[in-house]
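Below you'll find the structure, written out as structure tokens, and then a few comments.
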Amino acid sequence: MLILEAEDLAKRFGNVQAVDGISLRVGQGEIAGLLGPNGAGKSTTLHMLLGLITPDSGTVRMFGLDLARHRTEVLSQVNFSASYLGLPGVLHVREVLDAFARLYGLRRPRERVGEIIDLLEIGPLARRKVIELSSGQHTRVQLAKALINEPRLLILDEPTAALDPDAGDRIRGLLVRVARETGTALLITSHNMREVERMCDRIHFVSAGRIIAQGTATELADDFGVDD
Ligand code: ADP
Ligand code: ADP
């Protein structure tokens, strides 16, 4: 089942062709990476997938539905997280998750908060204030918040870029486990090959608004001579 099919997306800002014909496919439970330097067009691509900006041309289909025509239904099954979004610091972790469970109108909010705390292994943090968390712990709580409504696709902008290497490795391991256990598809942007090669099933190299290569980490290492 294809979760995401983007076909020939393009977006221009003034004289800058930010995205110049990007096509992407992501399957259920798959972890896909968009890898490229700053200015390559990754964020603009994400913003089109999230319905935040309208492409000049091209189409986005998710779960078999056209985003432009079924916007509410499609976007209710997609979530987004990025470290720069932050969380309300004065609340306890459980209060944050309770609040989002209510915002999403979940049918059994209390049970769902318990499940997501178990899934992300943040039980020991439930009564801590957000402001007291380490950055790795904060990332876990952000992921809990983004997964609480059981999205079929979770889009993550540079999820481990701000973490030290060990905390980054733990978050990558967690993301792989969550994708495998829940079937949630992940689309992850990064400017760091090492970050994506450890967790992505498929990596797309983005440069100057185009995908210039794609494949598994092993295939790309063979093609480009990238080694560990
Ligand atoms: P990345 O996320 O890979 O760093 P972006 O998608 O943010 O790349 O940017 C791609 C190009 O589009 C860059 O040259 C950037 O300056 C330009 N750009 C992005 N958003 C805007 C905007 N709102 N207005 C003008 N130029 C933009
Ligand atoms: P950081 O490294 O920034 O503290 P992590 O994401 O590594 O953040 O850890 C977040 C939480 O995950 C910890 O507070 C703890 O509950 C749990 N955790 C992480 N690593 C371990 C471990 N090796 N053994 C037990 N629990 C762990």
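Atoms within a ligand are numbered from 1 in the order they appear, just like the ligands themselves. Remember, it's a predicted structure, so these values are computed and weren't measured experimentally. Quick note: residue numbers are just sequence positions, from 1.
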Looking at [X], which atoms of ligand 1 are within less than 4.0 Å of one of its heavy atoms?
X	result
Ala40	1 (P), 3 (O), 8 (O)
Lys42	1 (P), 2 (O), 3 (O), 4 (O), 6 (O), 8 (O)
Pro37	3 (O)
Asn38	4 (O)

Does a side chain donor of either Glu195 or Thr160 reach within less than 3.5 Å of an acceptor in the other side chain?
yes
Asp8 side chain to Ser23 side chain, donor-acceptor N/O pair below 3.5 angstrom:
no
Show, in sequence, the C-alpha distance, side-chain angles and deciding distance for Met62 and Leu153, and conclude whether the side-chain contact (heavy atoms from CB on, under 4.5 Å) test is met.
CA-CA 9 Å; Met62 291 188 198; Leu153 173 65; 4.1 Å; yes
Taking Ile148's backbone N and O only, do any of them form a donor-acceptor pair with Arg112's side chain (distance below 3.5 Å, no angle check)?
yes
Value rounded to 0.5 Å, distance of [atom1] in [X] from [atom2] in [Y]:
X	Y	atom1	atom2	answer
His70	Gln77	NE2	CD	12.0 Å
Glu95	Arg127	CD	CZ	10.0 Å
Arg202	Leu187	CZ	CG	13.0 Å
Leu154	Ser81	CG	OG	6.5 Å

List the closest protein heavy-atom neighbour of [atom]: residue, atom name, distance to the nearest 0.1 Å.
atom	answer
atom 7 (O) of ligand 1	Ser43 CB, 3.7 Å
atom 12 (O) of ligand 1	Ala18 CB, 3.2 Å
atom 20 (N) of ligand 1	Phe13 CE1, 3.3 Å
atom 5 (P) of ligand 1	Thr44 OG1, 3.7 Å
atom 4 (O) of ligand 1	Gly39 N, 2.7 Å

Please work out, at 4.0 Å between heavy atoms, whether the side chain, the backbone, both, or neither of Val16 comes within that distance of ligand 1.
side chain
Considering distance alone, does some N or O of Gly41 sit under 3.5 Å from an N or O of ligand 1?
yes
Heavy atoms from other residues, nucleotides or ligands near CG of Leu2 exceed 12 (cutoff 6.0 Å)
yes
Is there at least one protein heavy-atom neighbour under 4.0 Å from atom 16 (O) of ligand 1?
no
Is Gly209 near ligand 1, meaning one of its heavy atoms is under 4.0 Å from it?
no
